[in-house]
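Before any comments, here is the structure.
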Amino acid sequence: MNVYITTSNKYLHILKPFSYLFNKFWSDKQKVIILGYEHPTFDLPKNFKFVSMGEQKGPNFWAEDLHNYMSSIEDEYFICSMEDHFILDYVNFHILIKLKKYINKDVGRISLTTQLANKNHDVLESFGDTHIIESHHSIQYRLCTQWSIWNKDFMLKYLKKGMSAWDFELQGFNHPMDDEYKILGSKGKSVIIHSDAIRSTKGSKLDEYNFNALFWDYKKNELDILDKSVILDMKKKGII
């Protein structure tokens with residue numbers, strides 16, 4: 001399954017730590033397609049491919065540009081996220097394999113993070129302290145740019161002209177979305193532990209990164225954080 005990552009000219013430099021962390025915690029054999037505009041001036045890892053969606057015209061063209069590209073690909077299902085969703089720990093492939101069993105035409109999106117765990121849901125399957133869940137149709141953030149498996153038809157339905165990435169996510173907040181697609185995910189443990197490395201950090205500069213995971217460590221009673229040795233290694237190599 002292909003992995004697609006969206007970016008913009010302003011955030012190209014973030015691809016350096018993103019790709020380092022992806023290859024460390026996922027695999028340097030997994031193909032990743034970066035969807036942006038201007039090509040980066042530095043080399044990406046061999047498993048990364050950069051595709052330009054044309055001229056960058058502004059955030060309100062994000063959905064239209066992505067719709068145009070996604071309409072052209074053969075993938076029925078794919079994984080998609082944004083460049084500042086840094087992976088902070090080893091991917092849980094056991095849960096990923098469990099979730100992939102649920103892929104079908106009736107499922108619109110499968111979250112690979114803990115994004116759905118605190119929203120109304122039904123449990124479909126349990127193994128140990130992990131549960132596969134189906135969200136209720138009325139939840140907010142049925143659409144989310146965090147790590148997810150997407151049904152292409154479902155994504156295309158909501159990639160509308162004039163929408164930024166934030167507008168895309170906010171659809172369905174004021175009234176139920178007009179579809180019968182199911183939204184699935186996991187509770188307890190997730191496939192990916194990640195951080196919103198830039199956009200969630202108020203007042204942050206573009207060279208300052210947040211490495212706090214969007215995952216609560218109940219044993220430590222605090223947010224999990226990337227191993228400091230990994231941060232030091234990135235600094236040593238000039239990645240951050």
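Just so you know, residue 1 is the first one in the sequence shown, and it goes up from there.
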Let me know which of Leu184, Ile183, Leu96 forms a side-chain contact (heavy atoms from CB on, under 4.5 Å) with Ile110.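 Only one of Leu184, Ile183, Leu96 forms a side-chain contact (heavy atoms from CB on, under 4.5 Å) with Ile110, namely Leu184.
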Flag the pair Lys160 and Asp167 as a salt bridge only when some basic side-chain nitrogen lies within less than 4.0 angstrom of an acidic carboxylate oxygen.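 Judged by the 4.0 Å cut-off on N to carboxylate O distance, Lys160 and Asp167 do not form a salt bridge.
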Decide, yes or no, whether a salt bridge links Asp153 with Lys157 under the criterion of side-chain N to carboxylate O below 4.0 Å.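 No.
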Answer yes or no: are there more than 12 heavy-atom neighbours, outside [X] itself, under 6.0 Å from its atom [atom1]?
X: Asp43; atom1: CG; value: no
X: Asp178; atom1: CG; value: no
X: Lys152; atom1: NZ; value: yes
X: Lys49; atom1: NZ; value: no
X: Lys189; atom1: NZ; value: no

Any chance you could lay out the side-chain contact (heavy atoms from CB on, under 4.5 Å) test for Ile5 and Phe48, step after step, and finish with the verdict? CA-CA 10 Å; Ile5 303 297; Phe48 278 66; 5.7 Å; no
Side chains of [X] and [Y], heavy atoms from C-beta outward: is any pair under 4.5 Å?
X: Ser71; Y: Leu156; result: yes
X: Asn151; Y: Val107; result: no
X: Arg142; Y: Gln171; result: no
X: Tyr20; Y: Asp233; result: yes
X: His194; Y: Phe86; result: no

State the [atom1]-[atom2] distance between [X] and [Y], to the nearest 0.5 angstrom.
X: Leu112; Y: Ser190; atom1: CG; atom2: OG; value: 8.5 Å
X: Met53; Y: Phe61; atom1: CE; atom2: CZ; value: 13.0 Å
X: Asn2; Y: Ile33; atom1: CG; atom2: CD1; value: 4.0 Å
X: Leu226; Y: Ile87; atom1: CG; atom2: CD1; value: 11.5 Å
X: His136; Y: Asn120; atom1: NE2; atom2: CG; value: 5.5 Å
X: Phe22; Y: Asn47; atom1: CZ; atom2: CG; value: 7.0 Å

Partner set under salt bridge (charged side-chain N to carboxylate O under 4.0 Å, His left out) for Asp28, not counting sequence neighbours: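 None.
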Which heavy atom of [X] sits nearest a heavy atom of [Y], and at what distance?
X: Ser8; Y: Tyr37; result: CA-CD1, 4.3 Å
X: Ser81; Y: Gln146; result: OG-C, 3.9 Å
X: Tyr90; Y: Lys24; result: CE2-O, 3.3 Å
X: Glu38; Y: Leu12; result: O-CD1, 3.4 Å
X: Leu88; Y: Asn212; result: CD1-C, 3.9 Å
X: Ile192; Y: Val91; result: CG1-CG2, 4.4 Å

Just by distance, do the side chain of [X] and the backbone of [Y] share a donor-acceptor pair under 3.5 Å?
X: Arg109; Y: Phe154; answer: no
X: Thr113; Y: Gln115; answer: yes
X: Tyr77; Y: Lys105; answer: yes
X: Gln30; Y: Met1; answer: yes

Can you tell me how the ring of [X] sits relative to the ring of [Y], calling it parallel under 30°, perpendicular over 60° and tilted otherwise?
X: Trp26; Y: Phe93; result: perpendicular
X: Phe211; Y: Tyr209; result: tilted
X: Trp147; Y: Phe18; result: parallel
X: Phe50; Y: His39; result: tilted
X: Phe78; Y: Tyr4; result: perpendicular

side-chain hydrogen bond (donor to acceptor under 3.5 Å, both in side chains) between Ser135 and His121, worked out: CA-CA 4 Å; Ser135 294; His121 62 264; over 6 Å; no
Between [X] and [Y], is there a shared hydrophobic cluster once you connect ILVMFWY residues whose side-chain heavy atoms come closer than 4.5 Å?
X: Ile14; Y: Met234; answer: yes
X: Met82; Y: Leu170; answer: no
X: Val123; Y: Leu116; answer: yes
X: Ile95; Y: Val3; answer: yes
X: Leu232; Y: Leu21; answer: no

Verdict with supporting geometry, His85 and Thr145, side-chain contact (heavy atoms from CB on, under 4.5 Å): CA-CA 9 Å; His85 294 327; Thr145 58; 4.0 Å; yes
Cation over ring face, Lys119 and Tyr141, 6.0 Å, 45°: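 Verdict for Tyr141: no cation-pi partner in Lys119.
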Does anything in residues 94-103 pair up under side chain to side chain donor-acceptor pair (under 3.5 Å), and if so which pairs, sequence neighbours excluded?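 Of all non-adjacent pairs touching residues 94-103, those that pass side chain to side chain donor-acceptor pair (under 3.5 Å) are Lys98-Glu125, Tyr102-Glu125.
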